[in-house]
Amino acid sequence: MHWSDVIAQRLAERGDEHIIATGITPSGEFHIGHLREILTGDMIARAARKAGLKAELVFVVDNADPLRKVYPFLDDAYHEFIGMQLGSIPAPDEHGKPDWARFEQDGWNYGDHFLLPFLEALKQIGVQPRLIPNLESYQNGFFTNSAKRACDDPEAIREIIERVSSRELPETWFPWQPLNSKGSLDGISVTGYEFPLVYWKDEYGVEGQSDITKGEGKLPWRLDWPAKWGFNKITCEPFGKDHGAAGGSYATGVEIAAFFGHEAPTPLVYEWISLRGQGAMSSSTGNTVGPIEALQLVPPEILRLLIANSKPNKAIEFDTGMGLVNLADEYERLASRDFEAELADDSLSRRQRVQVEDAKVALDLSMVDPEHQAQSTAVSFRHLALLAQTKPTDEALMGSLIDSGTIHASTAALEDRLQRMRSWITSQHFPEEMRISILSHPNVESMNELTQDQRNLVQPLAATLKAVDWTAEGITSAFSNTAKELETPMREMYRTLYAMFMGTVRGPRLAPILVNCERDVILELADACAALIDN
RNA sequence: GGGCCUGUAGCUCAGUCAGGUAGAGCGUCGGACUUUUAAUCCGAUGGUCGCGGGUUCGAACCCCGUCAGGCCCGCCA
């Protein structure tokens, strides 16, 4: 059974209506790693609906969390905002400086700044969750009940956290973090409490009070999380392995939620995504690939497949090079399979059957629109990558595909893919081994590897090339006529051509590529190769 | 110190929950298509299932131990 269906089954045992939560702190650029959180949630919701349950996906925006430090992409001016809540400080402008104008005019804040592009990407990917901005939840008093219970009995909370996480809390610990005289959550000590007010003194010696019903502060993370499970009625939540470890915030959350008077959501712990060869993704170090950036390279279905096809507890190494090619081709293969026919085969073993079923579910989950059936574009990514490099215009490329009988007519899906392919090819992510490059100087090593028969082709070919029209047909005729004259098989001719022009043993069809190159440059290269043979 | 995850073919991983003769894709090699879109099609190659014990008629799978890698027990998806 597919992992999403396993969770759906668990949810079915729990009840008929579900709210599946995801939550992210908008402290910096969103990246592919965050996509796993939200896509995992989305796929659980779809699986639950498939199982006949009512399911809604929500996205808790943790904009009540404080700015922890001045990240590399921020101006030093952000020093004054450390400890302040992301939803109440100005967003950085293009230079990383606080954009006061927009903040004061229309309340454009730090959290919004990073959230919006992510939501845009999510839309393209087919995920449109209900947003729950956490800061507003505090300000609207939704946290009041839980905050009151915690503040009324801090020792009970302390006991749970210390026992479950086996860490000691400082004497001064209090289950509410008030905002200080400068609006920061840092460097403050609680001096007293009488509902709804928490009394405090900050590091500047200023004293004040914080009303827990109005969001003049927040619950520490380990309480904040279980509290919002309650008033948001969360029944299921996928979260990263960092929260899932024994003694982690989910473990304490389960008991704290019970203390608050509600049940913890059904958990699903997922592994992190790292960038191939560069370790974990992190917004703060800038080691990221953003969802928008990824969408410029591949269609959304393929990003969805990455998540759908990996079990949550499996670490994913995101590879924007060959890994992406393989992933995309995997998608094409899946899309062209006939699962109904495969499943109708009675001779399948239990394992084989499971494999086919899971592949089908993974493909279904990859659809941006859950109502749509996957359709194969009939052209593999690998193949398209070649064509896109050899055909300068889309018309030429489609024409060539139609001529070869690969497709009957151009489709929107294919054109969309081609557009992304072209942007991928020009990006830094495109793998070198896929890049077609014509040599500028002869590759001596390759030339030396040629057999005598092959070497004999070089000079006649260089001469013939000069005489033909510089068209694909003309160049092709130069190849075949030269081979015919010397009574050499075409196979040998191609081997020679690739050595001369690309320094390789094999390659893509050469004539269409050469015709797009400068005639004189190619002739010069051919002559240089011929000169090499001479010596 | 305590805990979690991972370890299966050259590579990426299924298969472990319900024990029953080791799977897929990619790669590699060979063949076909006889002017090749590194295309497509066909075939072959390939694994002491990290290691050692135990349970069992039977273990990649269950149990115990052990090694290696990653991670968590402030914050982080």
Enquirer: What's the closest nucleotide to the A/Lys241 side chain, out of B/U35, B/G70, B/A39?
Expert: B/G70
Enquirer: Assert yes or no for the condition that the ring centre distance of A/Tyr250 to A/Phe239 is strictly below 6.0 Å.
Expert: yes
Enquirer: Parallel under 30°, tilted from 30 to 60°, perpendicular over 60°: which one fits the rings of A/Phe381 and A/Trp424?
Expert: tilted
Enquirer: Counting only side-chain heavy atoms from C-beta out, which of B/C75, B/U40, B/C72 sits nearest to A/Asp242?
Expert: B/C72
Enquirer: Assess the pair A/Tyr78 and A/Phe73: is the distance between their ring centroids shorter than 6.0 Å?
Expert: no
Enquirer: Atom CD of A/Glu357 to atom P of B/A14: distance rounded to whole Å?
Expert: 18 Å
Enquirer: Ignoring hydrogens and geometry, is there a side-chain-to-backbone donor-acceptor pair from A/Ser446 to A/Gly503 under 3.5 Å?
Expert: yes
Enquirer: Expressed as a whole number of Å, how far does the C1' atom of B/G7 sit from that of B/G15?
Expert: 15 Å
Enquirer: Side-chain N or O of A/Trp221 versus OP1/OP2 of B/C76: is the shortest distance under 4.0 Å?
Expert: yes
Enquirer: How many whole angstroms separate atom NE2 of A/His34 from atom C1' of B/C76?
Expert: 8 Å
Enquirer: Check this one for me: any side-chain N or O of A/Lys311 less than 4.0 Å away from OP1 or OP2 of B/G15?
Expert: yes
Enquirer: Using a 4.0 Å heavy-atom cut-off, does A/Ser400 contact any base of the nucleic acid, only the sugar-phosphate backbone, or nothing at all?
Expert: base
Enquirer: Apply the test salt bridge (charged side-chain N to carboxylate O under 4.0 Å, His left out) to residues A/Arg333 and A/Asp329: give CA-CA distance (whole Å), side-chain angles for both, the deciding distance (0.1 Å), then the verdict.
Expert: CA-CA 6 Å; A/Arg333 263 196 306 278; A/Asp329 283 346; 5.8 Å; no
Enquirer: Which is true for A/Arg10 with a 4.0 Å heavy-atom rule: it touches a base, it touches only sugar-phosphate, or it touches nothing?
Expert: nothing
Enquirer: Write out a two-atom table: protein N or O, nucleotide N or O from nucleotides 23-29 of chain B, distance below 3.5 Å.
Expert:
{"unit_1": "B/G25", "atom_1": "O3'", "unit_2": "A/Arg333", "atom_2": "NH1", "d": "3.4"}
{"unit_1": "B/G25", "atom_1": "O2'", "unit_2": "A/Arg333", "atom_2": "NH2", "d": "2.5"}

Enquirer: Mind checking if A/Lys314 touches a base, just sugar-phosphate, or nothing, with heavy atoms under 4.0 Å?
Expert: sugar-phosphate
Enquirer: What's the closest nucleotide to the A/Tyr494 side chain, out of B/A14, B/U36, B/C73?
Expert: B/U36
Enquirer: Quick check on RNA chain B: between A/Trp272 and A/Lys391, whose nearest nucleotide comes earlier from the 5' end?
Expert: A/Lys391
Enquirer: So A/Met434, base contact, sugar-phosphate only, or nothing? Heavy-atom distance under 4.0 Å.
Expert: base
Enquirer: Rounded to whole angstrom units, what separation is found between the NE2 atom of A/His2 and the C1' atom of B/A14?
Expert: 12 Å
Enquirer: Counting side-chain heavy atoms from C-beta on, which of B/U40, B/C73, B/U35 comes nearest to A/Ser165?
Expert: B/C73
Enquirer: Choosing from B/U6, B/C76, B/U36, which nucleotide comes nearest the side chain of A/Tyr498?
Expert: B/U36
Enquirer: Can you tell me, in whole Å, how much space there is between the C1' of B/G19 and that of B/U56?
Expert: 9 Å
Enquirer: Can you confirm whether or not the ring centre of A/Tyr110 sits under 6.0 Å from the ring centre of A/Phe114?
Expert: yes
Enquirer: Looking across every strand, which nucleic acid part, if any, lies under 4.0 Å from A/Gly33 by heavy atom: base, sugar-phosphate, or nothing?
Expert: base
Enquirer: To the nearest 0.5 Å, tell me how far A/Ile44 CD1 sits from A/Ser4 OG.
Expert: 8.0 Å
Enquirer: Whole Å only: how far is the CD atom of A/Glu317 from the P atom of B/C11?
Expert: 13 Å
Enquirer: Rounded off to whole Å, could you give me the CZ-to-P distance for the A/Arg163 and B/G3 pair?
Expert: 17 Å
Enquirer: Quote, to the nearest angstrom, the C1' distance that separates B/G54 from B/A44.
Expert: 40 Å
Enquirer: Between B/C73, B/A39, B/U6, which nucleotide has the shortest distance from any of its atoms to the side chain of A/Asn313?
Expert: B/U6
Enquirer: Salt-bridged, A/Arg337 to A/Glu332, with N to O below 4.0 Å?
Expert: no
Enquirer: To the nearest angstrom, how far is A/Leu223 atom CG from B/C75 atom C1'?
Expert: 15 Å
Enquirer: Provide, to the nearest angstrom, the distance between the NE2 atom belonging to A/His243 and the C1' atom belonging to B/C76.
Expert: 7 Å
Enquirer: Between B/U6, B/C75, B/C76, which nucleotide gets closest to the side-chain atoms of A/Arg68?
Expert: B/C75
Enquirer: Nearest 0.5 Å please: distance from the CD1 atom of A/Ile316 over to the CD atom of A/Glu271.
Expert: 9.5 Å
Enquirer: Within this structure, what is the NZ-to-C1' distance between A/Lys69 and B/C75, rounded to whole angstrom?
Expert: 10 Å
Enquirer: Tell me what A/Ser480 touches on the nucleic acid: a base, only sugar-phosphate, or nothing, going by heavy atoms under 4.0 Å.
Expert: nothing
